[in-house]
Amino acid sequence: MAKDDKDTPEEQPDRQEQVFMREVDDAVREDDLKNFGRRYGIGIGVAVVVGLASLAGWIFYNNSLEEEAGVRSEEYVAAIDSVKRNNLDGAATALKPIEEANQKGYKAASKMMQANIALEKQDPESAIAGYKAIVADTDLPQPFRDLALIRQTTAEFDSLKPQEIVDRLKPFAVPGNPWFGSAGEMVALSYLNLEQADLAGPLFAQLAKDDSVPPTIRSRALQMAGVQGIDAVELNSDGEVGPAVAAADAAGSGASEGETE
(Lines give C-alpha, C1' and ligand atoms only; values in the text may rest on other atoms or scores of the structure.)
Protein backbone atom coordinates (compact mmCIF):
# COMPACT_ATOMS: atom_id res chain seq x y z
CA MET A 1 0.00 0.00 0.00
CA ALA A 2 1.49 3.36 -1.06
CA LYS A 3 2.56 5.71 1.69
CA ASP A 4 0.47 8.83 2.07
CA ASP A 5 2.45 11.90 0.94
CA LYS A 6 0.62 14.14 3.38
CA ASP A 7 2.24 14.87 6.73
CA THR A 8 0.93 12.97 9.63
CA PRO A 9 -0.64 14.98 12.43
CA GLU A 10 2.50 14.37 14.54
CA GLU A 11 4.80 15.86 11.86
CA GLN A 12 2.79 19.05 11.25
CA PRO A 13 3.70 20.75 14.56
CA ASP A 14 7.41 20.03 13.94
CA ARG A 15 7.33 21.65 10.49
CA GLN A 16 5.44 24.66 11.82
CA GLU A 17 8.01 25.03 14.56
CA GLN A 18 10.87 24.95 12.02
CA VAL A 19 9.19 27.66 9.93
CA PHE A 20 8.68 29.74 13.05
CA MET A 21 12.32 29.37 14.11
CA ARG A 22 13.53 30.44 10.65
CA GLU A 23 11.32 33.52 10.83
CA VAL A 24 12.72 34.31 14.27
CA ASP A 25 16.31 33.90 13.00
CA ASP A 26 15.60 36.18 10.04
CA ALA A 27 14.07 38.77 12.32
CA VAL A 28 17.06 38.61 14.69
CA ARG A 29 19.54 38.95 11.83
CA GLU A 30 17.58 41.85 10.39
CA ASP A 31 17.51 43.54 13.76
CA ASP A 32 21.27 42.96 14.23
CA LEU A 33 21.94 44.44 10.80
CA LYS A 34 19.87 47.51 11.61
CA ASN A 35 21.72 47.96 14.91
CA PHE A 36 25.07 47.56 13.13
CA GLY A 37 24.01 50.13 10.52
CA ARG A 38 22.90 52.59 13.19
CA ARG A 39 26.15 52.13 15.13
CA TYR A 40 28.75 51.92 12.35
CA GLY A 41 26.97 52.97 9.17
CA ILE A 42 28.03 56.63 9.27
CA GLY A 43 31.67 55.72 9.96
CA ILE A 44 31.77 53.19 7.14
CA GLY A 45 30.12 55.65 4.78
CA VAL A 46 32.64 58.34 5.67
CA ALA A 47 35.54 55.88 5.21
CA VAL A 48 34.25 54.88 1.78
CA VAL A 49 33.83 58.50 0.73
CA VAL A 50 37.29 59.44 1.99
CA GLY A 51 38.83 56.44 0.23
CA LEU A 52 37.17 57.30 -3.07
CA ALA A 53 38.15 60.96 -2.70
CA SER A 54 41.77 59.99 -1.96
CA LEU A 55 41.87 57.72 -5.00
CA ALA A 56 40.44 60.47 -7.20
CA GLY A 57 42.94 62.97 -5.77
CA TRP A 58 45.85 60.62 -6.39
CA ILE A 59 44.78 60.07 -10.00
CA PHE A 60 44.35 63.81 -10.52
CA TYR A 61 47.74 64.54 -8.94
CA ASN A 62 49.54 62.04 -11.17
CA ASN A 63 47.81 63.36 -14.26
CA SER A 64 48.79 66.90 -13.24
CA LEU A 65 52.42 65.85 -12.82
CA GLU A 66 52.45 64.21 -16.23
CA GLU A 67 50.94 67.30 -17.84
CA GLU A 68 53.40 69.57 -16.03
CA ALA A 69 56.31 67.35 -17.05
CA GLY A 70 55.19 67.67 -20.67
CA VAL A 71 55.09 71.46 -20.37
CA ARG A 72 58.54 71.55 -18.72
CA SER A 73 59.93 69.33 -21.43
CA GLU A 74 58.70 71.72 -24.13
CA GLU A 75 60.15 74.71 -22.27
CA TYR A 76 63.50 73.01 -21.85
CA VAL A 77 63.66 72.02 -25.51
CA ALA A 78 62.83 75.61 -26.45
CA ALA A 79 65.75 76.80 -24.29
CA ILE A 80 68.11 74.33 -25.98
CA ASP A 81 66.97 75.51 -29.40
CA SER A 82 67.67 79.11 -28.35
CA VAL A 83 71.19 78.17 -27.26
CA LYS A 84 71.79 76.46 -30.60
CA ARG A 85 70.77 79.70 -32.33
CA ASN A 86 73.12 81.59 -30.00
CA ASN A 87 70.15 83.39 -28.47
CA LEU A 88 71.43 83.16 -24.90
CA ASP A 89 69.04 85.77 -23.50
CA GLY A 90 66.09 83.95 -25.04
CA ALA A 91 67.31 80.67 -23.55
CA ALA A 92 67.65 82.23 -20.09
CA THR A 93 64.10 83.57 -20.32
CA ALA A 94 62.75 80.18 -21.40
CA LEU A 95 64.45 78.51 -18.44
CA LYS A 96 63.01 80.81 -15.76
CA PRO A 97 59.70 78.90 -15.25
CA ILE A 98 61.56 75.60 -14.97
CA GLU A 99 63.71 76.75 -12.04
CA GLU A 100 60.74 76.29 -9.68
CA ALA A 101 59.43 73.10 -11.28
CA ASN A 102 58.22 70.19 -9.15
CA GLN A 103 60.34 67.84 -11.24
CA LYS A 104 63.78 67.90 -9.61
CA GLY A 105 65.53 66.73 -12.77
CA TYR A 106 64.21 69.60 -14.89
CA LYS A 107 64.82 72.04 -12.05
CA ALA A 108 68.47 70.98 -11.74
CA ALA A 109 69.00 70.95 -15.51
CA SER A 110 67.54 74.45 -15.77
CA LYS A 111 69.79 75.83 -13.04
CA MET A 112 72.80 74.14 -14.64
CA MET A 113 72.06 75.62 -18.05
CA GLN A 114 71.55 79.07 -16.52
CA ALA A 115 75.01 78.88 -14.96
CA ASN A 116 76.48 77.64 -18.26
CA ILE A 117 74.86 80.55 -20.10
CA ALA A 118 76.35 83.02 -17.61
CA LEU A 119 79.79 81.49 -18.23
CA GLU A 120 79.25 81.72 -21.98
CA LYS A 121 78.34 85.41 -21.57
CA GLN A 122 81.68 86.03 -19.85
CA ASP A 123 80.08 86.40 -16.42
CA PRO A 124 82.08 83.88 -14.35
CA GLU A 125 80.95 85.38 -11.05
CA SER A 126 77.27 84.63 -11.77
CA ALA A 127 78.17 81.24 -13.21
CA ILE A 128 80.14 80.21 -10.12
CA ALA A 129 77.33 81.42 -7.86
CA GLY A 130 74.89 79.30 -9.88
CA TYR A 131 77.08 76.19 -9.63
CA LYS A 132 77.53 76.69 -5.89
CA ALA A 133 73.76 76.93 -5.42
CA ILE A 134 73.29 73.60 -7.19
CA VAL A 135 76.01 71.91 -5.13
CA ALA A 136 74.45 73.18 -1.89
CA ASP A 137 70.88 72.12 -2.79
CA THR A 138 70.48 68.69 -1.23
CA ASP A 139 67.04 68.27 -2.83
CA LEU A 140 68.57 68.05 -6.30
CA PRO A 141 69.78 64.73 -7.76
CA GLN A 142 73.38 63.91 -6.80
CA PRO A 143 74.70 63.57 -10.39
CA PHE A 144 73.74 67.19 -11.09
CA ARG A 145 75.38 68.33 -7.86
CA ASP A 146 78.58 66.46 -8.74
CA LEU A 147 78.64 67.94 -12.23
CA ALA A 148 78.06 71.42 -10.79
CA LEU A 149 81.07 70.94 -8.49
CA ILE A 150 83.24 69.97 -11.46
CA ARG A 151 82.04 73.01 -13.45
CA GLN A 152 82.50 75.28 -10.45
CA THR A 153 86.07 74.09 -9.95
CA THR A 154 86.83 74.52 -13.66
CA ALA A 155 85.59 78.12 -13.51
CA GLU A 156 87.57 78.81 -10.32
CA PHE A 157 90.68 76.83 -11.28
CA ASP A 158 93.03 79.80 -11.70
CA SER A 159 91.93 81.42 -8.43
CA LEU A 160 92.09 78.33 -6.22
CA LYS A 161 95.13 76.97 -4.45
CA PRO A 162 96.33 73.64 -5.89
CA GLN A 163 95.73 71.83 -2.62
CA GLU A 164 92.14 73.10 -2.53
CA ILE A 165 91.54 71.58 -5.95
CA VAL A 166 93.07 68.26 -4.89
CA ASP A 167 91.01 68.13 -1.71
CA ARG A 168 87.82 68.97 -3.58
CA LEU A 169 88.16 66.69 -6.59
CA LYS A 170 90.30 63.78 -5.42
CA PRO A 171 87.25 61.54 -4.74
CA PHE A 172 86.27 61.95 -8.42
CA ALA A 173 89.79 61.49 -9.82
CA VAL A 174 89.73 57.70 -9.86
CA PRO A 175 89.18 55.31 -12.81
CA GLY A 176 85.57 54.26 -13.11
CA ASN A 177 84.16 57.50 -11.76
CA PRO A 178 81.92 59.29 -14.29
CA TRP A 179 83.91 62.50 -13.81
CA PHE A 180 87.35 60.88 -13.90
CA GLY A 181 88.41 62.74 -17.06
CA SER A 182 87.73 66.32 -15.97
CA ALA A 183 88.47 65.82 -12.27
CA GLY A 184 91.58 63.69 -12.93
CA GLU A 185 93.10 66.27 -15.27
CA MET A 186 92.61 69.12 -12.80
CA VAL A 187 93.98 67.05 -9.92
CA ALA A 188 97.01 65.98 -11.99
CA LEU A 189 97.75 69.60 -12.95
CA SER A 190 97.40 70.59 -9.32
CA TYR A 191 99.91 67.90 -8.36
CA LEU A 192 102.35 69.48 -10.81
CA ASN A 193 101.72 72.90 -9.29
CA LEU A 194 102.46 71.36 -5.90
CA GLU A 195 105.71 69.94 -7.37
CA GLN A 196 104.46 66.38 -6.86
CA ALA A 197 105.37 64.98 -10.27
CA ASP A 198 105.50 61.46 -8.82
CA LEU A 199 101.72 61.70 -8.34
CA ALA A 200 100.93 63.69 -11.47
CA GLY A 201 102.71 61.40 -13.96
CA PRO A 202 100.87 58.15 -13.11
CA LEU A 203 97.54 59.98 -13.01
CA PHE A 204 98.15 61.44 -16.48
CA ALA A 205 99.05 57.93 -17.68
CA GLN A 206 95.79 56.52 -16.30
CA LEU A 207 93.83 59.27 -18.02
CA ALA A 208 95.59 58.68 -21.33
CA LYS A 209 94.77 54.97 -21.48
CA ASP A 210 91.19 55.11 -20.15
CA ASP A 211 88.72 54.68 -23.03
CA SER A 212 85.92 56.28 -21.03
CA VAL A 213 87.81 59.59 -20.85
CA PRO A 214 87.01 62.14 -23.61
CA PRO A 215 89.56 62.04 -26.47
CA THR A 216 90.68 65.65 -25.97
CA ILE A 217 91.58 64.99 -22.34
CA ARG A 218 93.30 61.71 -23.23
CA SER A 219 95.39 63.50 -25.85
CA ARG A 220 96.53 66.18 -23.40
CA ALA A 221 97.16 63.57 -20.70
CA LEU A 222 99.28 61.53 -23.11
CA GLN A 223 101.51 64.52 -23.77
CA MET A 224 101.77 65.40 -20.08
CA ALA A 225 102.58 61.80 -19.14
CA GLY A 226 105.35 61.83 -21.76
CA VAL A 227 106.77 65.00 -20.23
CA GLN A 228 106.93 63.13 -16.93
CA GLY A 229 108.82 60.27 -18.64
CA ILE A 230 105.90 57.84 -18.80
CA ASP A 231 104.99 56.24 -22.14
CA ALA A 232 101.25 55.83 -21.58
CA VAL A 233 100.56 54.27 -24.98
CA GLU A 234 103.10 51.47 -24.95
CA LEU A 235 101.20 48.21 -25.49
CA ASN A 236 102.46 44.70 -26.16
CA SER A 237 101.57 42.62 -29.21
CA ASP A 238 98.44 41.25 -27.52
CA GLY A 239 97.09 44.73 -26.96
CA GLU A 240 97.76 44.58 -23.22
CA VAL A 241 99.34 47.29 -21.15
CA GLY A 242 103.09 47.32 -21.66
CA PRO A 243 105.79 47.58 -19.00
CA ALA A 244 105.91 51.39 -19.07
CA VAL A 245 102.22 51.78 -18.28
CA ALA A 246 102.36 48.98 -15.73
CA ALA A 247 105.19 50.84 -14.03
CA ALA A 248 103.08 53.98 -14.04
CA ASP A 249 100.22 52.11 -12.41
CA ALA A 250 102.59 50.70 -9.81
CA ALA A 251 103.92 54.17 -9.10
CA GLY A 252 100.35 55.44 -8.72
CA SER A 253 99.49 52.61 -6.35
CA GLY A 254 102.60 53.25 -4.32
CA ALA A 255 101.81 56.93 -4.10
CA SER A 256 98.23 56.19 -2.99
CA GLU A 257 99.50 53.83 -0.26
CA GLY A 258 101.96 56.47 0.90
CA GLU A 259 99.21 59.05 1.16
CA THR A 260 97.01 56.63 3.06
CA GLU A 261 99.76 55.95 5.55
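Atoms considered below: every heavy atom in the structure, side chains included; atoms not considered: hydrogens, waters and symmetry mates.
- Under 3.5 Å, the side chains of Q206 and D210 contain no donor-acceptor pair of N or O atoms.
- Going from atom OG of S110 over to atom CZ of F144 covers 10.5 Å, rounded to the nearest 0.5 Å.
- Atom CG of L140 sits about 7.5 Å away from atom CZ of R145, to the nearest 0.5 Å.
- Contact check for F180 versus L203: side-chain heavy atoms found under the 4.5 Å cut-off.
- Note: K104 NZ to D137 CG = 8.5 Å, rounded to the nearest 0.5 Å.
- L119 and I128 fall into different hydrophobic clusters, where Ile, Leu, Val, Met, Phe, Trp and Tyr are joined by side-chain heavy atoms under 4.5 Å apart, directly or via other members.
- For D211 and R218, the salt-bridge test passes: some basic side-chain N is under 4.0 Å from an acidic carboxylate O.
- For the pair A208 and A221, the tightest heavy-atom approach, listed with the atom from each and the gap, is N-CB, 3.9 Å.
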- prompt: Does the side chain to side chain donor-acceptor pair (under 3.5 Å) test come out yes or no for Q223 and R220, once each step is laid out?
  reply: CA-CA 5 Å; Q223 296 176 5; R220 291 194 297 267; over 6 Å; no
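- Under a 3.5 Å cut-off, the side chain of S182 and the backbone N or O of W179 do not form any donor-acceptor pair.
- Here the CZ atom belonging to F172 is positioned 4.0 Å from the CG atom belonging to D146, to the nearest 0.5 angstrom.
- Both L192 and I165 are members of a single hydrophobic cluster when ILVMFWY side chains are connected at heavy-atom separations under 4.5 Å.
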- request: Apply side chain to side chain donor-acceptor pair (under 3.5 Å) to N116 and E120, showing your working.
  value: CA-CA 6 Å; N116 293 343; E120 187 70 20; over 6 Å; no
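- The hydrophobic clustering, which links ILVMFWY residues whose side-chain heavy atoms are closer than 4.5 Å, places L169 and I217 together.
- At least one donor-acceptor pair under 3.5 Å links the side chain of E164 to the backbone N or O of K161.
- Heavy atoms from other residues, nucleotides or ligands lying under 6.0 Å from CD of Q142 number more than 12.
- You'll find the side chain of M112 reaches within 4.5 Å of the side chain of Y131, heavy atoms only.
- To the nearest 0.5 angstrom, L189 atom CG is 5.0 Å from F157 atom CZ.
- Distance CG/L160 to OG/S190: 8.5 Å, rounded to 0.5 Å.
- For the residue pair A205 and A225, the shortest heavy atom distance occurs at N-CB, 3.9 Å.
- The two residues G201 and I230 make their nearest non-hydrogen contact at C-CD1, 3.4 Å.
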Test log, rule side chain to side chain contact (heavy atoms under 4.5 Å, CB included), inputs R151 and E156: CA-CA 9 Å; R151 294 284 178 85; E156 294 179 318; over 6 Å; no
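- Here the side chains of V213 and E185 are not in contact, with every heavy-atom distance at 4.5 Å or above.
- Taking both residues in full, the closest heavy atoms of A173 and G184 are given as CB-CA, 3.7 Å, listed atom of the first, atom of the second, then distance.
- In plain terms, the two heavy atoms of V174 and P171 that are nearest each other are CG2-O, 3.7 Å.
- In plain terms, the two heavy atoms of A127 and A115 that are nearest each other are CB-O, 3.3 Å.
- Side-chain N or O atoms of S219 include none that pairs as donor or acceptor with a backbone N or O of P215 at under 3.5 Å.
- Inter-residue side-chain proximity for R168 and M186 is flagged as unmet; no heavy-atom pair is nearer than 4.5 Å.
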